[in-house]
Amino acid sequence: MAVGSRLRHVVESQQFSRALLEELFVRSEEMKREPHHFIGRLAGQVMAALFYEPSTRTRLSFEAAMLRLGGTTMGTDNAREFSSAAKGETLEDTIRIVSGYADVIVVRHKEEGAAKRAAAVSAVPIINAGDGPGQHPTQALLDLYTIRDELSKIDGVRVAMVGDLANGRTVRSLTYLLSKFKDIKLWFVAPPQVAMGDDLKAHLDEHHVPWVETEDLNAVLPDVDVVYMTRIQKERFTDPEAYNAVKGVYRMDKASMTLMRKYAILMHPLPRVDEIAPEVDEDPRAAYFRQARNGLHIRMALLDKLLS
Ligand code: CP
């Protein structure tokens with residue numbers, strides 16, 4: 001789906017080469033620094049947002065990105081209820097129809113593989129905005145951009161991913177992107193019930209990226225440059241008892257922040273539930289609101305790349 005630096009659909013992180021990532025990051029910086037230079041770039045183009053699962057950041061940052069580039073947007077929240085999916089229309093038929101109205105379609109769906117199915121039938125670029133526990137590649141772009149922005153490097157970073165790593169599509173997508181860089185080391189901190197998938201571990205082994213699996217967050221905090229917290233995803237559990245067994249298992253508070261390095265950062269794709277105490281927000285190492293803000297500029301750069 002990516003040919004050299006050309007991009008058609010955005011379905012999974014593996015598509016992005018280092019060169020393409022660097023191009024997007026440089027363009028994002030330009031858009032952050034001089035937004036007025038890009039007004040009107042996508043004038044006359046229409047973005048459709050089909051969201052079959054809830055969203056605040058992804059949906060609104062994509063809309064803001066398109067509007068700031070001079071394009072227009074349309075779409076449906078809660079598409080399971082308010083689109084013709086409620087009447088039994090397949091995702092494929094919906095995409096065939098909407099791709100006749102829009103120049104790009106942003107899709108969030110509860111089923112893994114949904115974005116790939118959409119891309120197979122769409123006449124216009126599809127952007128995966130999260131497919132169940134599968135991937136969330138544009139979140140990974142903004143996460144990697146944030147690491148680069150905050151630490152001034154990506155090569156050599158030591159990253160702890162914490163929480164629900166089995167259902168967390170953001171950690172999956174970010175792991176794929178990090179595996180493209182040099183001297184990366186990863187810690188997967190999770191209870192065994194929601195451990196990182198074997199497919200990702202095999203991918204890291206294949207790319208010679210060292211990783212460690214542990215349940216002990218406090219032991220890892222002094223060793224890493226990035227702590228990437230995630231929410232235990234209640235909506236992905238079919239058994240409430242299984243959810244109750246792992247909910248609230250990790251929590252960053254002022255005391256645990258003292259274990260982190262002075263120049264390390266705390267990230268979270270958000271929304272958070274209770275895994276980061278509000279008292280941490282004022283710590284300069286708490287990067288999660290800056291991270292969410294970066295979503296606007298990276299999505300501006302991505303839309304520009306796809307549509308200009
Ligand atoms: N990080 C993220 O995907 O947030 P939303 O669910 O609000 O889009």
Next on the checklist: One pair to check against side chain to side chain contact (heavy atoms under 4.5 Å, CB included): Ile154 and Leu177. What are the steps and the verdict?
Outcome noted: CA-CA 10 Å; Ile154 300 174; Leu177 284 192; over 6 Å; no

Next on the checklist: Can you confirm whether the side chains of Gln291 and Glu150 place a donor and an acceptor under 3.5 Å from each other?
Outcome noted: no

Next on the checklist: Run the salt bridge (Lys or Arg N to Asp or Glu O under 4.0 Å) test on Arg293 and Asp149 for me, step by step, so that the C-alpha distance in whole Å, both residues' side-chain angles and the decisive distance to 0.1 Å come before the verdict.
Outcome noted: CA-CA 12 Å; Arg293 170 94 179 133; Asp149 198 40; over 6 Å; no

Item to check | Donor-acceptor contact present, side-chain Ser84 to main-chain Lys87, <3.5 Å | outcome: no

Checklist entry - Is it true that the side chains of Ser256 and Asp253 contain a donor and an acceptor less than 3.5 Å apart? => result yes

Item to check | Beyond-backbone contact of Met66 with Leu307, side-chain heavy atoms, under 4.5 angstrom | outcome: yes

Checklist entry - Just by distance, with hydrogens left out, do His136 and Arg108 show a side-chain donor and acceptor under 3.5 Å apart? => result yes

Checklist entry - Do Lys116 and Asp131 have side chains that get closer than 4.5 Å, going by heavy atoms? => result no

Next on the checklist: Please evaluate residues Arg272 and Met229 with respect to the criterion side chain to side chain contact (heavy atoms under 4.5 Å, CB included), reporting the C-alpha separation (whole Å), side-chain torsions for both, the decisive distance (0.1 Å), and the verdict.
Outcome noted: CA-CA 9 Å; Arg272 66 176 154 181; Met229 293 297 288; over 6 Å; no

Next on the checklist: The test is salt bridge (Lys or Arg N to Asp or Glu O under 4.0 Å); show your working for Asp199 and Arg172 and say whether it passes.
Outcome noted: CA-CA 10 Å; Asp199 57 339; Arg172 291 176 59 78; 2.6 Å; yes

Checklist entry - Taking the six-membered ring for Trp, are Tyr52 and His109 parallel (under 30°), tilted (30 to 60°) or perpendicular (over 60°)? => result tilted

Checklist entry - Is it true that the side chains of Ser122 and His9 contain a donor and an acceptor less than 3.5 Å apart? => result no

Item to check | Contacts of Tyr243 that satisfy ring-ring contact (aromatic ring centres under 6.0 Å, His included) - sequence neighbours left out | outcome: Phe237

Checklist entry - Quick one: does NZ or CZ of Arg299 land under 6.0 Å from the six-membered ring centre of Phe62, within 45 degrees of the ring axis? => result yes

Item to check | Salt bridge present between Glu92 and Arg117 (N-O < 4.0 angstrom) | outcome: yes

Next on the checklist: Go through it in stages, so that I can follow the logic: the residues are Leu306 and Leu7, the test is side chain to side chain contact (heavy atoms under 4.5 Å, CB included), and I'd like the CA-CA distance, side-chain angles, deciding distance and then a yes or no.
Outcome noted: CA-CA 6 Å; Leu306 287 167; Leu7 199 57; 4.0 Å; yes

Next on the checklist: How about CZ on Arg68, more than 12 heavy atoms from neighbouring residues, nucleotides or ligands closer than 6.0 Å, or not?
Outcome noted: no

Checklist entry - Less than 4.5 Å apart, any side-chain heavy atom of Val249 and any of Ile232? => result yes

Next on the checklist: Give me each pair satisfying ring pair (Phe, Tyr, Trp, His ring centres under 6.0 Å) with a member in residues 141-174, each pair once, sequence neighbours excluded.
Outcome noted: Phe25-Tyr145

Checklist entry - Yes or no on side chain to side chain contact (heavy atoms under 4.5 Å, CB included) for Met300 and Arg27, after CA distance, side-chain angles and deciding distance? => result CA-CA 9 Å; Met300 285 174 74; Arg27 183 46 64 98; over 6 Å; no

Next on the checklist: Under 4.0 Å between a side-chain nitrogen and a carboxylate oxygen: does that hold for Arg41 and Glu30?
Outcome noted: no

Checklist entry - Is there side-chain contact between Met161 and Leu178, with heavy atoms separated by less than 4.5 Å? => result yes

Checklist entry - Is it true that Arg261 and Asp225 have a side-chain N and a carboxylate O under 4.0 angstrom from each other? => result yes

Checklist entry - Do Val226 and Val209 share a hydrophobic cluster (ILVMFWY, side-chain heavy atoms under 4.5 Å, transitive)? => result yes

Checklist entry - Considering only heavy atoms from C-beta outward, does the side chain of Asn294 approach that of Ser28 to under 4.5 Å? => result no

Checklist entry - Would the number of heavy atoms belonging to other residues, nucleotides or ligands and lying under 6.0 Å from CZ of Phe289 be above 12? => result yes

